[in-house]
Amino acid sequence: MFAHTEGGRYRTDFTLEELENRLPPTRFVRAHRSTIVNLDAAYELVPEPAGTAMLRLQDGTEVKVARRRTGDVRSAIGG
């Protein structure tokens with residue numbers, strides 16, 4: 001697994017669940033089974049059909065948000 005930061009891409013031996021438990025929930029949110037996002041990087045949440053969404057980050061990256069996590073992401077970014 002890799003962690004992507006402003007400084008680069010780093011290999012980590014942590015599972016996503018371990019990272020999710022270690023990271024502060026006020027700054028990070030699980031967007032998908034394969035993605036945790038730093039809320040400081042979030043720019044816009046765009047709803048999509050079937051209850052999913054796309055989270056756009058400030059650097060232009062787009063992150064798919066799972067249907068079951070859309071509400072959590074919306075709440076976390078204050079939307």
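Values reported hereafter were calculated over all heavy atoms of this structure, with side chains retained and with hydrogens, waters and symmetry mates removed.
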(request) Please confirm whether R9 makes a cation-pi placement over F2, using NZ or CZ under 6.0 Å from the six-membered ring centre and within 45° of the ring normal. (result) yes

(request) Would you give the length of the straight line joining atom CD1 of I36 to atom CG of L23, rounded to the nearest 0.5 angstrom? (result) 6.0 Å

(message) Quick check: closest heavy atoms across P47 and L45, and the distance to 0.1 Å?
(response) CD-O, 3.6 Å

(request) List the atom of F28, the atom of L39, and the distance in Å for their closest heavy-atom pair. (result) N-CD1, 4.1 Å

(request) Could you pull out the closest heavy-atom pair between L19 and M1, with the gap in Å? (result) CD1-CE, 3.3 Å

(message) Side-chain heavy atoms nearer than 4.5 Å, only ILVMFWY residues, links allowed to pass through others: does that put V37 and Y43 together?
(response) no

(message) Take a 6.0 Å sphere around CD of E6 and say whether it holds more than 12 heavy atoms from other residues, nucleotides or ligands.
(response) no

(message) As an exercise, state the distance from CZ of R68 to OG1 of T52, rounded to the nearest 0.5 Å.
(response) 14.5 Å

(request) Working to the nearest 0.5 Å, report the span between CG of L55 and CD1 of I77. (result) 6.0 Å

(message) Would you compute the distance between atom CZ of R33 and atom NZ of K64 and round it to the nearest 0.5 angstrom?
(response) 11.0 Å

(request) Output yes when a side-chain donor or acceptor of S75 lies under 3.5 Å from a complementary backbone atom of G71, and no otherwise. (result) yes

(request) Report whether M54 and V63 are members of the same hydrophobic cluster (ILVMFWY, side-chain heavy atoms less than 4.5 Å apart, transitive linking). (result) no

(request) Answer yes if L57 and V73 sit in the same cluster of Ile, Leu, Val, Met, Phe, Trp and Tyr residues linked by side chain heavy atoms under 4.5 Å apart, and no otherwise. (result) yes

(request) Nearest 0.5 Å please: distance from the OG1 atom of T70 over to the NE2 atom of H32. (result) 9.5 Å

(message) I need the full list of salt bridge (charged side-chain N to carboxylate O under 4.0 Å, His left out) pairs touching residues 14-24, with sequence neighbours left out, sorted by first then second residue.
(response) E20-R30

(message) If I take atom CZ from residue R67 and atom CD from residue E48, how far apart are they, to the nearest 0.5 angstrom?
(response) 12.0 Å

